[in-house]
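Input: a single structure, listed below in structure tokens.
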Amino acid sequence: MQRVKAVLKARHSFQRLGILSHQRCLSAQPNYALYDDFEDQVLVEGRAKSRAAILNRPSALNALTASMAARLKRLYESWEENPDIGFVLMKGNGRAFCSGVDTVALHRLLNEGKVYECKRFFETLYKFVYLQGTYLKPHVAIFDGITMGCGGGISLPGMFRLVTDKTVFSHPETQLGFHPDAGASFYLSRLPGYLGEYLALTGDKLNGVEMIACGLATHYCLNARLAWIEERLGNLMNDDPAVIDSSLAQYGDLVYPDRSSILRRIDTIDKCFSHDTVEEIIDSLENEAAGAYDDWCKTVLRKMKEASPLSLKVTLRSIREGRFQSLDQCLAREYRISLAWISKSVSNDFTEVWAVLVHIESTS
């Protein structure tokens, strides 16, 4: 009952911003019909008591498009309504889970002046993240490979997060003239100490072991054992979270970050990234670099100085505010920031940097 009340309260705050309709509908909607031609971008695998959504753009590292976000939302709504489906699984095809937003498609829309279509994409994406965060059935996300940007947002709010020795997680948005969105300010701000600020401002990577250690993931297994876990999950006739948990743990491993892990520097991260402003963080890193015997601080400084200054400032404030907000509040704020960015009412950094990326990709 408490969870239901919390979900209803969250939906009400979203409705006031116009991001959600007045009532969340659990059935498939006919207005998704225009995306039917793109069904192969998100495949569906039926199992005994579950369904699996498979992100299927391996050549693009499963970068998320508007049609994929809409299809995911439609599928998850219909699955939640279906009493024969006990739990849901999401994974990626190829060497990535999801590399974030499809920058090529989004830049093309912006370049053609189709800001409204970009707005619809972010609206659909944020609605799906919210749906994921309030989902009434157990959810399993398998992060086997590259997981960047909104790839975390569409999956981390779920109940179970399985990582492997192939997992690479990062939020590189400040390097792209944007901000970590799709719920990033919610889950990054809840990491130990000031690790969230560090990851958001530098775009540094975490591996699967580190995601387990800091609480982003719930289970770990070697990539070689992943097929066994998927087979066991596929044969489950029980949707009890405890049974799903034990199934995920059956072929798991007890792991610890190695000596080179960024988590071994958590004291330094807390010391430098706890400051109130980006300028103070940079000053602290420079002071630390002056007395350090390795190049870590210099590397971090270089990453921050290469990033968009405005992105850094917006991101720092976003993470700090997210620490005291619920998921729906974080999504509503990030949504407003994203719309301001794509409309160029704040800065051209986003479109300029992404134009360079698109050019590099088209000529490679």
Side-chain angles (χ1 to χ4, degrees), residues 10 13-20 63-64 66 69 98 100-103 105-107 109-110 114-133 148-154 156-157 170-191 194 196-203 273 276-279 281 304 307-355 357:
S13 62
F14 255 35
Q15 289 161 7
R16 285 187 287 107
L17 287 163
I19 299 177
L20 290 180
L64 200 70
C98 176
V101 172
D102 186 330
T103 56
L106 199 58
H107 178 265
L109 290 175
L110 289 173
K114 298 178 180 178
V115 177
Y116 176 73
E117 291 189 25
C118 292
K119 177 181 177 180
R120 283 183 56 198
F121 165 69
F122 281 106
E123 181 179 337
T124 304
L125 170 62
Y126 280 43
K127 283 181 177 179
F128 178 71
V129 175
Y130 169 78
L131 174 64
Q132 182 73 275
M148 298 168 62
C150 72
I154 63 173
L156 284 172
S170 68
H171 269 285
E173 287 90 345
T174 59
Q175 308 292 316
L176 306 177
F178 201 53
H179 69 108
D181 69 330
S185 67
F186 178 78
Y187 56 78
L188 289 181
S189 65
R190 282 154 176 79
L191 295 181
Y194 293 88
E197 281 89 339
Y198 168 76
L199 294 174
L201 294 174
T202 66
F273 286 82
D276 294 333
T277 67
V278 172
E279 290 81 3
I281 290 173
M304 291 187 65
S308 161
L310 181 60
S311 292
L312 292 175
K313 290 179 178 292
V314 170
T315 295
L316 179 60
R317 181 169 176 177
S318 182
I319 299 297
R320 294 285 162 82
E321 291 187 5
R323 189 171 273 118
F324 303 101
Q325 294 178 328
S326 59
L327 175 61
D328 63 295
Q329 290 172 324
C330 288
L331 288 171
R333 174 175 40 75
E334 292 172 6
Y335 178 73
R336 290 193 297 264
I337 295 172
S338 296
L339 293 192
W341 229 288
I342 63 174
S343 66
K344 303 182 185 179
S345 62
V346 177
S347 170
N348 287 327
D349 287 356
F350 175 63
T351 50
E352 289 176 357
V353 174
W354 283 34
L357 291 176

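- A donor-acceptor distance shorter than 3.5 angstrom exists from the side chain of R190 to the backbone of G322, with no hydrogens or angles considered.
- Using a cutoff of 4.0 Å between basic side-chain nitrogens and carboxylate oxygens, E123 and K119 are not scored as salt-bridged.
- With rounding to the nearest 0.5 Å, the separation of CZ in R333 from CD in E321 is 5.0 Å.
- Looking at heavy atoms from C-beta onward, Y126 lies in side-chain contact with S338 at the 4.5 angstrom threshold.
- Going from atom CG of L125 over to atom CG of L331 covers 8.5 Å, rounded to the nearest 0.5 Å.
- Rounded to the nearest 0.5 Å, atoms CG (L109) and CG (D102) are 9.5 Å apart.
- A donor-acceptor pair is defined here as one N or O able to donate and one able to accept, closer than 3.5 Å; such a pair exists between the side chain of E334 and the backbone of S185.
- Between the side chain of S318 and the main chain of V314, no donor-acceptor pair closer than 3.5 Å is present.
- R323 contributes atom CZ, which lies 10.0 Å from atom CG of L188 (distance to the nearest 0.5 angstrom).
- Using a 4.5 Å heavy-atom threshold, the side chains of F122 and D181 count as touching.
- Using a 4.5 Å heavy-atom threshold, the side chains of V278 and P309 count as separate.
- Between the side chain of S311 and the backbone N or O of F178 there is at least one donor-acceptor pair closer than 3.5 Å.
- In plain terms, the two heavy atoms of D276 and R320 that are nearest each other are CA-NH1, 3.8 Å.
- The distance from atom SG of C150 to atom NE2 of H171, rounded to the nearest 0.5 Å, is 9.0 Å.
- Between C98 and I154, the closest heavy-atom pair is SG-CD1, 4.3 Å.
- With hydrogens and angles ignored, the 3.5 Å screen pairs a side-chain donor or acceptor of T174 with a backbone N or O of L201.
- Note that the CD atom of E197 and the CG atom of L316 stand 6.5 Å from one another [nearest 0.5 Å].
- The two residues G152 and P157 have their closest heavy-atom pair at O-CD, 3.9 Å.
- Between F273 and Y198, the angle of the ring planes goes over 60°, which puts this pair in the perpendicular group of the 30/60° scheme.
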